[in-house]
Every structure is written in structure tokens, then in C-alpha cells.
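What you see below is based on every heavy atom in this structure, not just the backbone, and it leaves out hydrogens, waters and symmetry mates. Every chain is numbered from 1 and lettered A, B, ... according to where its sequence line falls, protein lines coming before strand lines.
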There are 2 protein chains.
Amino acid sequence: MAANSKFPSQLVFPSGDKPIVTATDVAREAGVSISTVSRIVNGTARVAKDKRLAVEAAIARMDYRPNLQARSLKLGTSMIIGMLTQDIESPFLARVIRGFEEALVGTGYAPIIVSGHWNQKEEIERVGLLMDRRIDGLVVLYGDLSDSQLLEISRRQPVVATGRRLEGEHIRTLQLDHEQGGYIAASHLLGLGHRRIAHISGPPLHTDATERYAGFVRAHREYGVEVDRDIVFQGDFLEHGGVLAMNRLLDCGKNFTAVFASNDQSAMGAHLVMYRRGIRVPDDVSLMGFDDIPAAAYLTPPLTTVRQPFFEIGLYLAQSLLAMLGHDLGELTVPSMELVIRESVKRC
Amino acid sequence: MAANSKFPSQLVFPSGDKPIVTATDVAREAGVSISTVSRIVNGTARVAKDKRLAVEAAIARMDYRPNLQARSLKLGTSMIIGMLTQDIESPFLARVIRGFEEALVGTGYAPIIVSGHWNQKEEIERVGLLMDRRIDGLVVLYGDLSDSQLLEISRRQPVVATGRRLEGEHIRTLQLDHEQGGYIAASHLLGLGHRRIAHISGPPLHTDATERYAGFVRAHREYGVEVDRDIVFQGDFLEHGGVLAMNRLLDCGKNFTAVFASNDQSAMGAHLVMYRRGIRVPDDVSLMGFDDIPAAAYLTPPLTTVRQPFFEIGLYLAQSLLAMLGHDLGELTVPSMELVIRESVKRC
DNA sequence: ATGAAAGCGCTAACAG
DNA sequence: CTGTTAGCGCTTTCAT
């Protein structure tokens with residue numbers, strides 16, 4: 001069997017020393033036609049037992065693996081899903097990706113991830129590259145692409161996006177209720193007796209951030225307490241923005257008993273500033289975050305926050321996309337936010 | 001020009017409503033042959049100005065984008081690089097990926113990332129999937145693949161791997177000097193007068209971890225102080241392992257003035273335990289980490305640690321791989337570790 | 001049940 | 001300078 005030790009001349013050694021074997025090679029080795037090989041590999045039709053055995057033996061012996069690119073070209077489907085994320089280092093985006101990835105296991109689809117770095121031009125370019133590879137679907141995790149750009153993109157392949165609400169035939173969006181999240185956070189503080197609550201906001205154009213603030217305002221209204229705009233300072237959803245805002249807050253001379261940071265990363269920055277200035281959390285001031293990133297549980301004190309179900313968001317996105325691709329996965333449950341009480345907030 | 005409003009019948013609408021246009025369509029539209037289109041798109045040869053203009057106009061008008069899969073099939077190169085990571089949520093792996101990604105920008109290569117979750121079986125399967133897509137190169141970020149498996153894989157396409165040392169024609173490895181890193185950490189503590197230094201180790205089979213410990217031991221030897229094995233406890237490189245180890249350490253009754261955690265995540269766990277038990281860092285005990293993950297700078301107090309240049313590691317890996325793929329990028333500098341002094345360690 | 005042949009979209013000889 | 005043609009590796013009619 002190992003008798004034909006000389007390889008057919010057309011076998012190539014692309015960059016390694018191991019020949020790359022094609023279905024044609026397997027067919028020759030097994031003494032059948034290439035169509036038979038294909039049928040066996042894909043289980044597309046019945047094949048006589050002896051041939052099947054011969055082919056399977058050849059496949060194993062030669063270590064044949066079908067070329068997915070060729071198959072894709074023929075089938076008109078790449079089995080790859082493009083993911084546009086903003087920053088692969090972001091703790092919460094990473095968790096969404098992880099959930100998405102998890103849902104894809106076993107489906108044959110593989111994600112290819114590109115980063116846009118919150119830069120519209122870059123995002124467009126990267127998505128273009130993805131589309132050049134004929135992705136079967138695209139998931140857009142936040143970012144600065146306009147709604148109409150997204151709609152246009154969805155004319156090529158199904159799109160699912162987070163952080164916006166959008167209607168379209170080949171597009172699905174997931175937008176959690178951030179207003180409600182902000183409301184939950186503020187209510188918790190208000191319910192514990194806090195009446196002067198400072199806020200570190202997010203990027204002014206980021207709707208997730210502005211909605212959280214809106215919920216913060218609504219909670220105040222319900223409690224009949226006025227929000228003092230003098231103690232809301234702008235952050236940028238990053239740690240450093242949190243330190244800047246917290247410093248300004250402390251320097252403005254106004255008093256307050258709690259601060260609601262628009263996300264955990266801002267809260268971490270604020271926390272550090274208070275540590276530096278000898279302000280104890282939560283004894284001197286309570287601190288509340290938003291997101292529940294992995295590090296939140298290991299701050300000292302562990303951070304009270306509103307949990308966004310990132311992993312489940314990833315799962316949900318994958319399911320929505322798969323559904324548009326014709327894979328039926330039954331009911332989809334929309335994840336919701338929930339208060340995570342730890343130790344950075346105390347009764348006022 | 002928009003006169004021919006009826007599309008050629010063979011145009012298909014895969015899952016969107018926008019026709020997918022091929023080079024053939026462009027050729028027809030511009031009144032030239034398909035090879036001319038190819039030549040213009042790739043800049044492969046001189047083409048008469050009028051035809052070039054006509055083709056470019058057609059491309060713009062029809063919004064043509066070459067099908068990379070087809071090109072790959074023809075060229076025998078996919079322009080995709082596979083990355084096997086262990087956990088996309090790991091703060092340090094994410095940074096390596098980011099560096100890698102950065103180095104790839106503009107090269108035409110795109111990474112596709114899969115996770116192995118520190119599970120050999122899973123790793124093999126994912127790498128197989130990657131190879132089915134005929135990746136042009138593979139980068140292996142740590143993991144449980146054996147050296148011989150890696151060598152075998154490198155017979156198909158160039159491989160670059162971290163966390164081990166390995167020789168092979170189509171394989172390059174990057175292994176930082178963790179022994180030296182451990183030495184740096186321990187020396188810093190010893191130099192500040194600490195004589196009883198506890199250690200939270202990493203996974204016992206993880207060579208990075210064992211080497212760090214070896215460096216820790218060497219530093220002690222040089223200072224002529226004995227390491228007390230009773231105050232080294234095993235962790236797992238994760239936060240929770242850090243809390244478990246720290247609790248055991250505190251409960252064992254032995255005294256110590258500093259703890260060297262084998263990585264920052266372990267240090268975070270240990271830090272939380274001390275916070276809980278009212279032990280002040282660094283006043284009561286000094287704490288030293290390893291890695292310098294993003295969160296390290298925002299612990300309270302900010303964590304003194306040994307920085308691993310993850311971003312640069314990513315860059316380096318990309319360069320090595322690109323070099324094997326025939327792209328000359330000049331000198332490669334091997335990044336080294338360095339002490340990052342913050343506030344979690346003080347003189348004893 | 002199986003083989004021959006066409007063709008997915010593209011590039012690269014090879015002729016003109 | 002430009003068009004014709006032969007595949008890249010695969011799946012899938014269409015005959016047999």
C-alpha cells in the first residue's frame with residue numbers, strides 16, 4: 001500500500017515540506033472518481049461499501065482535509081462571520097465576543113474579528129476587507145458607523161448590531177435598556193438615602209451613556225430630589241477619564257455622598273483618585289459602577305454595579321445572525337440588566 | 001451610461017438584495033476582457049488609458065470588489081493568519097493579539113482567532129479548522145499542544161509560538177526569560193529588606209510559572225536568605241486561585257512581610273483577601289505581581305509588578321511570521337521584562 | 001451507484 | 001497592449 005512511494009508530480013509543498021493533498025489525489029489513490037470522494041466526504045449520497053472503505057483509508061493515509069476555500073467558492077458561502085469590534089482589549093467587548101464564539105461552536109462558522117478603534121474610517125475599511133472575503137454575516141459591536149451605512153452593508157449579507165435600534169430586512173439590532181439600567185443604579189443609591197449623587201458621564205455622543213444618565217434623572221424625579229448638574233462631570237468610559245472627572249469633582253467644592261460612574265472603568269479611575277486623596281469607599285463616599293467587568297469583583301472594596309449580561313449578549317447576537325442565515329434555533333431570550341450589590345455602596 | 005438598467009441575468013442575490021458583481025460583469029460593462037480588469041485591479045501590467053478609465057468607472061459604478069476566496073484559490077495563498085489563543089478574555093493575551101493585529105495592518109493578511117481554553121483536544125480541533133481554511137501561517141499563544149504536534153503542524157505552514165523553546169525549519173518560538181523576571185521581582189523585594197517572602201505560584205506544569213519561581217529562588221540564594229517552602233502556595237494564574245492561596249497562607253500561621261504572586265491576576269485575588277482581613281498593603285505586607293495587566297495600575301494601591309511587553313510580543317510574533325512568509329522587515333528586537341515600581345511594595 | 005464534465009471568480013501564461 | 005484559455009479544488013447535475 002505504501003508501494004507508490006513516489007508522489008504524483010503535481011503535488012506542491014507550499015511553504016512546508018508536507019504535500020498538500022486534494023480530493024483528486026485521494027480519488028487516484030483509492031481508485032475511484034473525484035465525485036465519489038466528494039460524496040463520501042460530505043455524505044451526500046450512498047456509495048458502495050468497498051469504495052467507501054477504500055476512500056476512507058486513503059483519506060486517513062494521506063491525511064486529506066478538504067479545502068474550505070474551494071468549497072466556498074463553489075457553494076457561494078464562506079462559512080465565516082465577520083465581527084467588527086472596537087477594541088479587543090476592552091474587557092466587556094471581549095466577553096461579548098466570547099459568548100458569540102461559544103454559540104458558533106459546532107455550526108461550522110468561524111468568526112474573523114477586526115477592530116475599528118472607534119474610528120469610522122477605519123471601521124468602513126475593515127468591514128470592506130471582511131466583505132471582500134465574502135463573509136456570510138456581520139456582527140457590529142457598537143462603533144461609529146452610521147445607520148444608513150449599516151443598512152447599505154446589510155444589502156450584501158445579514159448584519160446584527162448592538163448599541164442602536166434599526167429596522168431593516170437583513171438587519172437585527174440589540175439594544176438593552178440603558179435608561180432602565182441608569183434608573184436601577186440611581187434608585188439603589190436614592191433608596192439607601194443618598195440625596196447628593198455625583199455622576200461621571202460617558203462620551204456625550206454615546207447613546208448608551210446618555211440613556212443611563214436619563215435613567216439617573218428619572219430616578220431622581222421619582223424620589224422628588226433634584227439632580228445637581230454641577231456635580232456631573234464628563235468621562236470617556238475609560239479609567240483615565242474617571243480619574244480626571246473625579247479630580248474635577250473633588251476640586252469643585254460641592255459636597256456629595258455618592259458617585260455613580262457611567263461604567264466600571266470610569267469607576268476604577270474614580271476609585272483610585274479617592275484612594276489617593278484618602279477618601280474611603282464606601283465610608284466617606286459610595287461608588288457605583290456599570291457593566292460588571294471581571295475586575296469589578298476584585299476592587300477593594302468590590303464594586304457595586306449594574307451587570308450587563310455580555311456573554312449572553314454574544315450568544316443572542318449569534319443566534320439572531322444564525323436565524324437570518326436560515327438556522328432555526330428556537331426562542332431567543334433578550335437578556336436584561338441587573339443590580340449587583342457588592343461593597344462599594346452603603347446607606348447614607 | 002446608466003442606460004443598461006437591466007442586470008445580466010446571472011447576477012445573484014445571495015442573501016441580500018444587492019447583486020454580487022464579478023470581474024466578468026465589470027469586463028462586460030466596460031467593454032474589455034476579464035484579464036484587463038484583473039490587470040487593472042492588481043496593477044499587474046500596463047493598460048491603455050481609455051480602457052483603464054472605463055474599467056475604473058465600471059468598478060466604481062457597480063461597486064465591484066474582488067472575491068478574495070477566488071483569488072486565494074488561484075494563488076494558493078489565503079492571506080489569512082490563524083491565531084490560537086487560550087482565552088480571548090485574558091487581559092494579557094488580548095494585548096498580545098492587539099499587537100499582532102497592529103503589525104498586520106496594511107499587509108493584506110487578516111488574523112482569524114480561535115480559542116483553545118487550555119484544552120489540548122480543543123486546540124487540536126480548532127487548529128484543524130484553521131488549516132482547512134488554508135491559513136498562510138499560524139501563531140500559537142501558549143497552550144497545551146505538544147512540541148511534536150507543533151512541529152507536525154509546521155510542516156504545512158509556518159508557525160510561531162510563545163511559551164516554549166523549539167527548533168524547526170518552519171517554526172519560530174519566542175520565550176522570554178521568566179527566570180530572570182522572577183529574579184527581578186524577588187531581588188526588588190530582597191533589596192528593600194524583605195527576608196520572609198511568601199509566594200503564590202502558578203500552575204505547576206506551566207513553565208513560565210516554574211521559571212519565575214526558579215528566579216525567585218536564585219535571588220534568595222544570592223542574598224543568602226533561605227526560601228521557606230512553607231509559605232509558597234499554589235495558585236492557578238487566576239484571581240480565584242489567588243484568594244484561595246492567600247487564605248491558606250494567612251491561616252498557616254507563619255509570618256512574612258511580602259508576597260510575590262506569580263501573576264497580576266493572582267495578586268488581585270490575594271489583595272482582596274488582605275483587604276477583607278484588614279491587612280494593609282503595603283503597610284502591613286508588601287505585594288508584588290507579574291505581567292502588568294491594565295488593571296494593575298488601578299488597584300489601590302497601584303500594583304508593583306514586572307512588566308511583560310505583551311504588545312511588543314504581538315508585534316514580534318507578527319514580524320517573525322511575516323519573515324517566514326518572505327516579507328523582509330529588517331531587525332527584530334526581542335522585548336525584555338522590566339520592573340514597574342508602583343505602590344504596593346515598601347521597604348521592610 | 002458512479003464517472004464525466006461544467007463551472008464558482010480569479011490570475012497568469014500564451015498568443016497575437 | 002489585450003484577449004483567449006487553462007486551471008486552482010471543489011460540488012453537482014447529467015448521463016450511464
Rounded distance in Å - CZ (A:Arg28) to P (C:dG3): 14 Å

D:dG3 phosphate, OP1 or OP2, under 4.0 Å from B:Lys51 side-chain N/O: yes

Residue B:Val32, side-chain heavy atoms: nucleotide from D:dC10, C:dC10, D:dG3 that is nearest: D:dG3

Nearest to side-chain heavy atoms of B:Pro66, which nucleotide of D:dC1, D:dC10, C:dC10: C:dC10

Protein-nucleotide distance (B:Met79, atom CE; C:dT11, atom P), rounded to Å: 13 Å

Enclosure of A:Glu169 CD (heavy-atom neighbours >12, cutoff 6.0 Å): no

Close side-chain approach of B:Gln69 to B:Leu73, heavy-atom, < 4.5 Å: no

Residues B:Arg71 and B:Asn42: side-chain donor-acceptor under 3.5 angstrom: yes

d(CD1, A:Ile34; P, D:dG7) in whole Å: 14 Å

Pair of N/O donor and acceptor under 3.5 Å linking D:dT4 base with B:Ser35 side chain: yes

Between C:dT2 (P) and A:Asp50 (CG): distance, integer Å: 7 Å

Under 4.0 angstrom between A:Thr36 side-chain N/O and C:dG3 OP1 or OP2: yes

Gap between atoms CG and P, on B:Leu68 and C:dC10 respectively (whole Å): 10 Å

Atom-to-atom span, CZ of A:Arg71 to P of C:dG9 - whole angstrom: 18 Å

Plane angle bin for A:Phe92 and A:Tyr142 - parallel if under 30°, tilted between 30 and 60°, otherwise perpendicular: perpendicular

Closest nucleotide among C:dC10, D:dC1, C:dT11 to the B:Ala23 side chain: C:dC10

B:Lys74 or B:Arg134, whichever maps to the more 5' nucleotide of DNA chain D: B:Lys74

A:Arg52 CZ - C:dA1 C1' separation (whole Å): 12 Å

Side chain to side chain, B:Thr162 and B:Val139, heavy atoms closer than 4.5 Å: no

Rounded distance (Å) that lies between atom P of C:dG9 and atom CG of A:Leu75: 12 Å

Donor-acceptor pair under 3.5 Å, A:Arg39 side chain vs C:dG3 base: yes

Below 4.0 Å: OP1/OP2 of C:dG3 and any side-chain N or O of A:Ser33: yes

Contact under 4.0 Å: B:Asn67 side-chain N or O vs C:dC8 OP1/OP2: no

B:Thr22 side-chain N/O to C:dG9 phosphate OP1/OP2 under 4.0 Å: no

Options C:dG3, D:dG9, C:dC10, nucleotide nearest the side-chain atoms of B:Ala70: C:dC10

